[in-house]
Amino acid sequence: MAAVLEPTALGIDHYTLLDDDECDERIRAARQALGARLCILGHHYQRDEVFKHADFSGDSLKLSQMAARTDAEFIVFCGVHFMAEVADIVTDGLRTVVLPDLAAGCSMADMANLAKVRKCWSEISEVLDPDEMVTPVTYINSAADLKAFCGSHGGIVCTSSNARAVLEWSFARREKVLFFPDQHLGRNTAFEMGIPLEEMLVWDFTKPMGGATPEQIRAAKMILWKGFCSVHQMFQPAHIDNFRSRVPGGKVISHPENAFEVCRKSDFVGSTEYILRTVRASQPGDHWLVGTELNLVNRLADEMKPQGVSVEFMSPTVCMCSTMFRTDPQHLAWTLDNLVAGRTVNRIQVTPDVAKPARAALDLMLEVVD
Ligand code: 13P
Ligand code: SF4
């Protein structure tokens with residue numbers, strides 16, 4: 001078993017020099033030392049070397065529910081920054097939430113910020129009263145202060161697995177929705193609900209009034225923030241056409257962060273958890289094309305191969321989520337060894353003034369899906 005390190009050896013620089021096997025040994029020893037005080041959560045996009053150490057894996061919704069339920073003193077979140085923030089919010093700051101690498105953000109989440117969303121809200125208010133007519137809905141892939149903005153303006157949070165239920169809830173209260181930061185999840189979900197594309201407006205946050213006229217704002221049912229996921233934008237309708245011509249009878253499944261045309265051409269659309277559940281339920285001889293992050297797809301392909309099910313990645317080029325990839329065994333070993341030594345590194349804490357209204361918007365989401 002790896003020995004507990006001296007404090008002088010607990011810096012990240014020391015760990016970046018360790019190889020994966022040595023880190024594995026340290027991670028196992030630290031897990032044993034911390035026992036039930038520790039819960040490691042792993043998103044499906046994590047690389048294998050990290051994913052294998054997770055106590056629980058899941059999509060964003062499932063992981064936030066796991067975080068809310070655990071009694072563990074330490075939650076080490078192998079995911080990205082907004083997920084760790086959610087874990088801190090839903091546990092009322094009573095647990096110590098750690099993100100092994102603070103640079104593990106989400107480029108889509110970064111496409112919206114509080115200043116830009118406030119500007120958008122005030123620009124809309126030049127045309128109509130948004131607090132009467134517009135429900136702000138933030139995808140969980142967003143900073144905590146945007147969730148707080150929603151909580152303070154009668155709005156709500158959604159994930160990829162409950163976006164439809166959340167939009168139904170929203171439209172039952174106000175006639176329009178401002179959806180940020182992912183235009184694709186908003187568009188794909190609203191279209192499935194029967195809202196035509198002509199009633200959706202893309203809000204270009206780089207332009208005054210989002211690049212829209214007052215008439216367009218008044219006519220829109222869905223106002224879609226012009227954000228997107230850099231990983232999912234790699235998947236193209238032509239990849240699906242190519243697969244269908246090569247594999248007659250093959251099935252296509254995509255994440256709703258994909259472009260509208262990709263989702264329209266897919267047989268199934270849903271969250272990472274939904275993708276896993278659906279493909280795992282297939283029959284020997286089935287062929288799948290999967291439009292989501294590479295680490296998930298590679299693991300699923302390996303898992304299904306012995307059952308005679310083939311799983312293909314949608315893009316011909318390698319596209320991983322580079323921020324999810326930042327969490328490596330070196331950072332995980334570093335954070336765990338520090339916890340064993342009684343030090344906390346990379347704690348994620350949301351200030352109470354933000355956490356309270358953000359929690360209100362998250363609780364509403366959890367009520368809507370229950
Ligand atoms: P889900 O795992 O919730 O489907 O979301 C995918 C994602 O992009 C996480 O950032
Ligand atoms: Fe963000 Fe896209 Fe990575 Fe998900 S896959 S964490 S949305 S950049």
Side-chain angles (χ1 to χ4, degrees), residues 41-47 50-51 54 56-67 77-87 90 99-113 137-144 146-147 157-166 179-186 188-189 225-235 253-259 262-263 266 268-279 290-300 313-315 318-327 362 365-366 369:
L41 298 178
H43 187 267
H44 294 306
Y45 293 166
Q46 290 293 300
R47 47 163 98 187
V50 167
F51 191 80
F56 300 103
S57 60
D59 62 5
S60 311
L61 178 65
K62 191 169 156 193
L63 291 175
S64 64
Q65 290 167 329
M66 292 290 177
F77 215 124
C78 299
V80 288
H81 192 269
F82 72 81
M83 296 179 177
E85 278 189 334
V86 168
V90 297
L99 184 69
D101 186 340
L102 291 180
C106 164
S107 56
M108 176 214 280
D110 292 343
M111 289 177 191
N113 63 36
V137 178
T138 187
Y139 188 22
I140 198 164
N141 296 37
S142 57
L146 291 183
K147 296 179 177 82
V157 179
C158 77
T159 73
S160 59
S161 56
N162 59 28
R164 183 174 181 143
V166 166
F179 192 94
F180 43 87
D182 186 22
Q183 58 173 304
H184 299 298
L185 177 64
N188 289 324
T189 312
W225 196 261
K226 204 180 176 184
F228 60 88
C229 165
S230 46
V231 178
H232 289 90
Q233 73 160 356
M234 304 289 284
F235 304 120
I253 189 163
S254 299
H255 195 277
E257 285 173 17
N258 275 295
V262 170
C263 289
S266 298
F268 304 89
V269 176
S271 75
T272 55
E273 196 69 24
Y274 170 87
I275 291 173
L276 292 171
R277 203 169 49 239
T278 308
V279 174
V290 182
T292 199
E293 206 268 350
L294 185 65
N295 283 288
L296 179 156
V297 181
N298 281 345
R299 246 187 325 267
L300 188 58
F313 185 57
M314 194 178 281
S315 169
V318 172
C319 48
M320 286 185 294
C321 175
S322 56
T323 49
M324 286 275 183
F325 194 71
R326 293 204 71 112
T327 303
L362 278 161
M365 171 187 83
L366 296 172
V369 291

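For ligands, and for the atoms within them, numbers begin at 1 and follow the listed sequence. Position 1 is the first residue of the sequence, and the numbers go up from there. Side chains included, hydrogens not; waters and symmetry mates left out as well; all remaining heavy atoms used.
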Aromatic ring proximity, centroids under 6.0 angstrom, Phe82 and Tyr139: no

Enumerate the atoms of ligand 2 whose separation from the nearest heavy atom of Glu257 is less than 4.0 angstrom. 2 (Fe), 7 (S)

Check the side chains of Ser230 and Ser107 for a donor-acceptor pair under 3.5 angstrom, ignoring hydrogens and angles. yes

Given a heavy-atom cut-off of 4.0 Å, could you list the residues near ligand 1 in chain and number order? His43, Tyr45, Asp59, Ser60, Phe82, Met83, Tyr139, Asn141, Ser160, His255, Glu257, Ser271, Thr272

List-wise, which protein N, O or S atoms are found short of 2.8 Å from atom 3 (Fe) of ligand 2? Cys321 SG

Sole candidate of Ile140, Thr189, Leu185 that passes side-chain contact (heavy atoms from CB on, under 4.5 Å) when paired with Cys158: Leu185

Taking atom types as modelled, find out whether Ser271 and Ser161 have a side-chain donor-acceptor pair closer than 3.5 angstrom. no

Aromatic ring pairing Tyr274/Phe268, orientation class (parallel under 30°, perpendicular over 60°, tilted between): tilted

Please test Asn295 against Met324 for side chain to side chain contact (heavy atoms under 4.5 Å, CB included), starting from the C-alpha separation and ending with a verdict. CA-CA 10 Å; Asn295 283 288; Met324 286 275 183; over 6 Å; no

Hey, what do you get for CE (Met365) to CG (Leu362), rounding to the nearest 0.5 Å? 5.5 Å

Would you please classify the geometry between the Phe235 ring and the Phe313 ring as parallel, tilted or perpendicular, with 30° and 60° separating the classes? perpendicular

Proximity of His184 and His232 rings by center, below 6.0 Å: no

Quick one: does any side-chain atom of Asn162 pair with a main-chain N or O of Ala165 as donor and acceptor, under 3.5 Å? no

